[in-house]
Amino acid sequence: MPLLGFGVFQTPPAETRDAVAEALRTGYRLVDTAAAYGNEREVGQAIGDSGIDRDEVFIETKVWISDFGYDETLHAFDKSAGKLGVEVLDLFILHQALPTAFTTTIAAYRALEKLLADGRVRAIGVSNFMPDHLARLMENAGVVPAVNQVEVHPYFAQPDVQAADAARDILTQAWSPIGGITSYRDTGTGSVFDDPVITDIAAAHRKSPAQVMLRWHLQAGRSAIPKSVKAHRIAENFDVFDFALTAEQIKSIDDLDTGVRGGPEPDDVTLEAYGRDIPEA
Ligand code: NDP
């Protein structure tokens, strides 16, 4: 699995094919989508049209909470794989825990374990799982999630979640890795793109703030999946392998953590508030 990948949350279906095609031309070989993003079909078309061998592209997608439950999640695989146009997914993850319906969450995870055993998915994982969710899951599951995809950027680094992941050998994958959520949603912290600590480090390396943040993830061993629909930014976000942050620079970025979450509070996610129908393939 490549550590650096490409995200498509909020990428409209009509723009997804071009964005993913551009990312693949640039060199990305990991694409992160989700049933709830409504663009799996276009992601699959771009990968299919690219001419790149299927086994060279790592495809990950997520089961939405409305499809949790053993049989429902097995069927969610058919819907996602059908839209993506693939037989096997590289990584299939639960998009959120449902803390108030944890038995349903566990049933969904058991379905992932079955898909793994049957060779329909090459790895399974979770997203937005807090340490207590991981602990409750592991009391009932046989397979440790390969990945926990959570919000991580300089203003919200979740060190407790990262430590819980590391303790179980789970790879932390950063969503909103360049702090997109601090600019497209009012989190009250301001946009991390404009933070002087980040812009000063960027100037010192003749790189951009986004590139500095991506190095910060990669040098910590985290996976990161930046999203863009703009060709120049898709290229910029991949051009991060020719410089390195110093230990001091990494520490100064670590120190920017505000503890302010941009995304939904994981314990507040309920079917009533967030449920929605995921169409058939
Ligand atoms: P990102 O941190 O990737 O930031 C994306 C935003 O920043 C977009 O508004 C984009 O605009 C802009 N942008 C991209 N590149 C640059 C750049 N080089 N300089 C300045 N601005 C830039 O945020 P996301 O929230 O999209 O997270 C990335 C991915 O993580 C998602 O696409 C999705 O795959 C995943 N995710 C998962 C979640 C989960 O619950 N599991 C929740 C949220 C995201 P533009 O497109 O116009 O360039």
Side-chain angles (χ1 to χ4, degrees), residues 1-11 15-37 39-63 77 80-81 83-95 112 115-116 120-128 145-153 162 165 169-180 210-211 213-231 233-241:
M1 173 182 170
L3 276 191
L4 182 61
F6 186 67
V8 295
F9 173 49
Q10 301 184 114
T11 303
E15 292 175 50
T16 301
R17 204 166 165 170
D18 284 351
V20 173
E22 185 63 29
L24 293 171
R25 272 194 298 274
T26 302
Y28 295 81
R29 289 293 180 269
L30 185 171
V31 183
D32 174 75
T33 183
Y37 299 169
N39 55 19
E40 288 173 309
R41 202 176 303 282
E42 292 75 13
V43 167
Q45 285 167 350
I47 293 169
D49 290 348
S50 69
I52 300 167
D53 282 352
R54 168 67 191 91
D55 49 3
E56 284 182 29
V57 183
F58 191 99
I59 305 176
E60 59 177 272
T61 192
K62 315 183 190 82
V63 187
F77 170 85
S80 285
K83 289 174 195 165
L84 284 158
V86 298
E87 295 288 319
V88 174
L89 286 171
D90 297 291
L91 175 62
F92 199 33
I93 67 185
L94 301 186
H95 205 141
L112 299 195
L115 291 164
L116 182 69
R120 310 302 307 275
V121 302
R122 293 173 60 214
I124 60 176
V126 294
S127 175
N128 298 307
V147 167
N148 188 13
Q149 184 186 113
V150 293
E151 180 179 351
V152 183
H153 49 75
Q162 293 198 53
D165 289 349
D169 250 341
I170 299 169
L171 176 69
T172 300
Q173 184 173 57
W175 67 250
S176 249
I178 53 176
Q211 290 170 323
M213 290 186 262
L214 291 168
R215 277 307 307 179
W216 174 69
H217 290 293
L218 298 176
Q219 288 182 228
R222 279 187 298 277
S223 176
I225 43 171
K227 169 264 180 189
S228 180
V229 292
K230 299 184 171 65
R233 286 176 171 174
I234 291 171
E236 176 185 321
N237 297 343
F238 201 69
D239 180 19
V240 294
F241 298 102

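Every heavy atom of this structure was used, including side-chain atoms; hydrogens, water molecules and symmetry mates were not.
- Under the rule for a side-chain contact (heavy atoms from CB on, under 4.5 Å), D169 has no partner lying at least two apart in sequence or in another chain.
- For E87, the CD atom sits in a loose shell: 12 or fewer heavy atoms of surrounding residues, nucleotides or ligands are nearer than 6.0 Å.
- A distance-only check finds no donor-acceptor pair linking the side chain of N148 to the backbone of I170 [under 3.5 Å].
- Here the closest heavy-atom approach between residue S223 and residue P2 is recorded as OG-O, 4.3 Å.
- Residues forming a salt bridge (Lys or Arg N to Asp or Glu O under 4.0 Å) with E236 (at least two apart in sequence, or on another chain): none.
- Residue G179 comes nearest to M213 through the heavy atom pair N-SD, 4.5 Å, listed as atom of the first residue, atom of the second, then distance.
- In this structure, the side-chain contact (heavy atoms from CB on, under 4.5 Å) partners of A35, at least two apart in sequence or on a different chain, are E40, S80, I278.
- In this structure, CD on Q149 lies 3.5 Å from CD1 on I225, to the nearest 0.5 angstrom.
- Considering only heavy atoms from C-beta on, P226 comes within 4.5 Å of L214 through its side chain.
- Within the model, atoms NZ of K230 and CD of E15 stand 8.5 Å from one another, a figure rounded to the nearest 0.5 Å.
- Residues meeting the side chain to side chain donor-acceptor pair (under 3.5 Å) test with Q219, sequence neighbours left out: R215.
- Pairing each heavy atom of A19 with each of T11, the nearest pair is CB-CG2, 4.5 Å.
- Taking the side chain to side chain donor-acceptor pair (under 3.5 Å) definition, one finds that H95 meets it with nothing, sequence neighbours left out.
- F58 pairs by the ring-ring contact (aromatic ring centres under 6.0 Å, His included) definition with nothing, not counting sequence neighbours.
- Contact detail for I93 and S127: the closest heavy-atom pair is CD1-CB, 4.1 Å.
- Evaluation of the side chain to side chain donor-acceptor pair (under 3.5 Å) rule for D90 yields R54, R122 as partners, not counting sequence neighbours.
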Evaluation steps, side-chain contact (heavy atoms from CB on, under 4.5 Å), between L112 and V63: CA-CA 10 Å; L112 299 195; V63 187; 4.3 Å; yes

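- Shown here are the salt bridge (Lys or Arg N to Asp or Glu O under 4.0 Å) partners of R29, two or more places apart in sequence or in another chain: there are none.
- Taking the ring-ring contact (aromatic ring centres under 6.0 Å, His included) definition, one finds that H153 meets it with nothing, sequence neighbours left out.
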Can E42 and V20 be said to form a side-chain contact (heavy atoms from CB on, under 4.5 Å), step by step? CA-CA 8 Å; E42 292 75 13; V20 173; over 6 Å; no

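- Atom CD1 of I124 and atom CD of E60 lie 13.5 Å apart (nearest 0.5 Å).
- Among residues two or more places apart in sequence or in another chain, the salt bridge (Lys or Arg N to Asp or Glu O under 4.0 Å) test is passed with K62 by D32.
- Residues meeting the side chain to side chain donor-acceptor pair (under 3.5 Å) test with D239, sequence neighbours left out: K207.
- N39 places a side-chain N or O within 3.5 Å of a backbone atom of V8 that can act as its donor or acceptor partner.
- The minimum heavy-atom distance between L4 and N237, with the atom names listed, is CD2-O, 3.6 Å.
- Taking the six-membered ring where the residue is Trp, F238 and Y28 present tilted rings, their angle falling between 30° and 60°.
- With sequence neighbours left out, R120 forms a salt bridge (Lys or Arg N to Asp or Glu O under 4.0 Å) with no residue at all.
- Looking at N128 and W175, their side chains come closer than 4.5 Å, going by heavy atoms from C-beta outward.
- The heavy-atom pair separating F6 from S228 by the smallest distance is CZ-O, 3.2 Å.
- Rounding to the nearest 0.5 angstrom, the gap separating the CG atom in D49 from the CZ atom in R17 is 4.5 Å.
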